[in-house]
Amino acid sequence: MSAPATHPARCLDAAAHAALRAEFPLLETCVYLGNNSTGASPRGVERVLADYWATLRDWRDDVWQDWHVGLDRYADSVAALLGAPPGSVVTDANLSTLLVRVLSCFDYRPPRDRIVTTDLEYPTVPFIGTAFRRYGARLDVVGTGGPRFDEDALEARIDERTLLVCVPHASFSSGATIDLARLVARAHAVGALVVVDAFQTVGAVPLDVTALGVDIVLGGAHKWLCGAGTAFLYVRPDLAGRLEPAATGWQAGDRALTFRVSTGWAAGAQRFAGGTPYPLTSLISQVGLDLLAGVGIGAIRAHSLALTQRVLDRAAAAGVTVVSPTDPDRRGGVVCLDVPDGEEVKRRLAARNMICTWRGWLRVGPHVYNTLDEVDAFMDALTEELGR
């Protein structure tokens with residue numbers, strides 16, 4: 001298909017934006033607005049894959065030294081994006097693996113045995129929380145009554161019986177964001193810790209973990225960070241030394257890379273590492289993260305808000321029901337639309353090279369490399385499919 005005109009939203013320089021778009025070959029083939037599910041891969045990944053194959057082809061054990069440098073670089077790059085210090089982030093294959101390590105640190109004895117979460121969280125958290133019932137954990141899922149968080153109900157459930165408050169920064173199903181400052185203040189007031197699932201926002205919405213005082217943050221690379229196959233865990237530096245995960249691996253030890261038996265834990269977030277790491281996904285993910293860092297999270301957020309506002313305006317004009325919050329301070333990077341036969345509409349749009357996702361609602365997730373013209377082309381196609 002021929003790409004639509006590509007003027008960016010006004011918050012980004014046109015030449016710089018065009019250069020950024022050129023780094024993502026997927027954009028040449030379709031209007032891609034499924035970034036809240038999987039971000040586009042930059043062309044620089046091809047070189048990483050070629051280098052990795054050359055390493056395997058001409059194998060020498062010494063390569064592990066460079067690979068560990070790459071793993072550390074990616075973890076510290078994520079930390080910088082989060083406003084966190086070096087050494088406070090560790091990576092692994094997926095969020096589930098890292099969350100299990102976090103939950104394995106705690107002794108779920110009454111009276112402080114409750115994990116408070118919300119029914120707008122991704123299924124990972126309640127499923128794993130339920131599994132920890134065998135160790136005494138009591139999962140308390142707060143209902144919402146709608147696509148937005150009921151923050152009053154959440155705050156009311158956080159008391160002296162609460163050990164952990166596990167909440168998403170934004171809901172995967174509606175794009176609604178949560179007031180983290182409010183929940184952190186409430187949790188800390190009663191001695192509870194806050195675990196944030198930032199998978200749906202990191203790379204699209206600013207998150208300063210140091211300013212917020214968040215205890216633990218998890219997320220991953222394959223959505224707004226334009227990476228692949230790796231997740232991250234941030235642990236507040238003054239908290240990390242007090243936690244000892246029971247679900248662990250040899251690289252969490254204080255003498256791991258000497259290949260001697262460790263006698264204690266590694267410093268910082270490294271104590272949440274597992275076994276032998278798989279470096280390729282961090283090396284791949286560094287490419288996208290570097291591109292985003294070159295733009296800056298403030299500019300990314302401003303661009304995202306301009307594009308999602310266009311979706312909102314076009315939806316209102318077409319009489320399409322919007323599920324996501326319209327307040328820019330309370331929406332993430334995605335706009336969810338309630339349309340009849342939404343999953344079938346998504347398939348028909350894909351046949352027209354107009355790509356979005358469906359999870360109960362039609363989810364439209366433009367990213368920093370998308371344009372207002374692409375949003376218009378998508379919304380034109382959507383209104384045609386709906387006969388409006």
Side-chain angles (χ1 to χ4, degrees), residues 37-82 84 86-104 122 124 128 197-199 202-203 216-235 240 245-259 262 265-293:
S37 180
T38 303
S41 292
R43 65 177 68 252
V45 169
E46 187 173 6
R47 170 50 54 190
V48 175
L49 292 171
D51 289 345
Y52 196 79
W53 162 239
T55 298
L56 297 180
R57 183 192 60 209
D58 303 322
W59 180 259
R60 298 292 186 275
D61 258 5
D62 293 346
V63 72
W64 276 105
Q65 182 174 351
D66 289 339
W67 278 350
H68 276 288
V69 170
L71 287 162
D72 291 344
R73 183 187 170 216
Y74 182 71
D76 286 344
S77 297
V78 172
L81 179 65
L82 297 175
S88 61
V89 168
V90 68
T91 61
D92 212 306
N94 51 59
L95 188 150
S96 295
T97 296
L98 292 167
L99 180 60
V100 166
R101 288 199 198 125
V102 169
L103 297 190
S104 76
Y122 195 78
T124 296
I128 293 175
D197 170 8
F199 220 136
V202 67
I216 293 165
V217 177
L218 302 107
H222 72 259
K223 298 181 186 293
W224 304 108
L225 290 181
C226 303
T230 194
F232 68 81
L233 166 66
Y234 159 82
V235 183
T248 187
W250 70 279
Q251 294 238 335
D254 60 353
R255 299 199 296 184
L257 297 186
T258 70
F259 300 98
S262 292
W265 296 93
Q270 185 63 28
R271 67 176 49 210
F272 288 88
T276 303
Y278 180 52
L280 178 58
T281 52
S282 287
L283 299 176
I284 287 173
S285 298
Q286 187 73 58
V287 180
L289 184 52
D290 285 347
L291 288 170
L292 297 179

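Numbers here are sequence positions counted from 1. Hydrogens, waters and symmetry mates are skipped; everything else that's a heavy atom, side chains included, is used.
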Is there a side-chain contact between Leu280 and Val48 in this structure, where contact means two heavy atoms from C-beta onward sitting under 4.5 Å apart?
yes
Please report the shortest heavy-atom distance between Pro245 and Arg271, naming the atom on each side.
CG-O, 3.4 Å
Applying ring-ring contact (aromatic ring centres under 6.0 Å, His included), name anything that partners Tyr74, two or more places apart in sequence or on another chain.
none
Under 3.5 Å side-chain donor-acceptor pair for Ser77 and Gln286:
yes
Salt bridge (Lys or Arg N to Asp or Glu O under 4.0 Å) partners of Asp51, counting only residues at least two apart
Arg47
Measure from the side-chain N and O atoms of Ser262 to the backbone N and O of Arg255, and report whether any donor-acceptor pair falls under 3.5 Å.
yes
A side-chain contact here means heavy atoms from C-beta on lying under 4.5 Å apart; do Leu283 and Leu49 qualify?
no
For Trp59, the side-chain contact (heavy atoms from CB on, under 4.5 Å) test, sequence neighbours excluded, returns Thr55, Leu56, Asp61, Val63, Trp64, Trp67
So, using side-chain contact (heavy atoms from CB on, under 4.5 Å) as the criterion, who are the partners of Asp76 when residues are at least two apart?
Pro86
Those residues that, when tested against Tyr122, pass ring-ring contact (aromatic ring centres under 6.0 Å, His included) (two or more places apart)
Phe172
What's the separation between atom OG1 in Thr38 and atom CH2 in Trp224, rounded to the nearest 0.5 Å?
11.0 Å
Reported OH-to-CG distance for the pair Tyr234 and Leu81, which is rounded to 0.5 angstrom:
13.0 Å
side-chain contact (heavy atoms from CB on, under 4.5 Å) against Ala80, all qualifying residues, sequence neighbours excluded:
none
Under the side chain to side chain donor-acceptor pair (under 3.5 Å) rule, collect the residues that match up with Thr248, sequence neighbours excluded.
none
Contact summary for Ala228 and Ser285, nearest pair of heavy atoms:
N-OG, 3.0 Å
Could you tell me the separation between the CZ atom of Phe272 and the CG atom of Leu98, rounded to the nearest 0.5 Å?
9.5 Å
Could I get the full list of side chain to side chain donor-acceptor pair (under 3.5 Å) partners for Asp92, not counting sequence neighbours?
Arg101
Among all residues two or more places apart in sequence or in another chain, which pass the side chain to side chain donor-acceptor pair (under 3.5 Å) test with Arg73?
Asp290
Here the gap from His222 atom NE2 to Ile284 atom CD1, rounded to the nearest 0.5 Å, amounts to 13.5 Å
Cys226 and Pro42 have their tightest heavy-atom pair at O-CD, 3.6 Å
Between CG on residue Leu99 and CD1 on residue Ile128, distance to nearest 0.5 Å:
4.5 Å
Hits for side chain to side chain donor-acceptor pair (under 3.5 Å) against Ser96, two or more places apart or cross-chain, chain-then-number order -> none
Considering all heavy atoms of both residues, which atom of Ala252 and which atom of Ala273 are nearest to each other, and what is their separation?
CB-O, 3.5 Å
In this structure, which one of Asp197, Leu82, Val78, Val217 forms a side chain to side chain contact (heavy atoms under 4.5 Å, CB included) with Val202?
Leu82
Could you pull out all residues at least two apart from Ala79 that satisfy side-chain contact (heavy atoms from CB on, under 4.5 Å)?
Ala84, Ser88, Val89
Would you check if the side chain of Thr91 reaches a backbone N or O of Thr230 as a donor-acceptor pair within less than 3.5 Å?
no
Holding to salt bridge (Lys or Arg N to Asp or Glu O under 4.0 Å), I want the full list of residues that pass it with Arg57, two or more places apart in sequence or in another chain.
none
At what distance, to the nearest 0.5 angstrom, does CG of Leu71 lie from CD of Gln251?
8.0 Å
Side-chain contact, heavy-atom cut-off 4.5 Å: Val90 with Phe232?
no
Given the rule in the side-chain contact (heavy atoms from CB on, under 4.5 Å) test, do Asp254 and Trp265 qualify, once you have shown the distances and angles that lead to the verdict?
CA-CA 5 Å; Asp254 60 353; Trp265 296 93; 6.0 Å; no
Backbone N or O of Ser37 within a donor-acceptor pair of the Lys223 side chain at under 3.5 Å?
yes
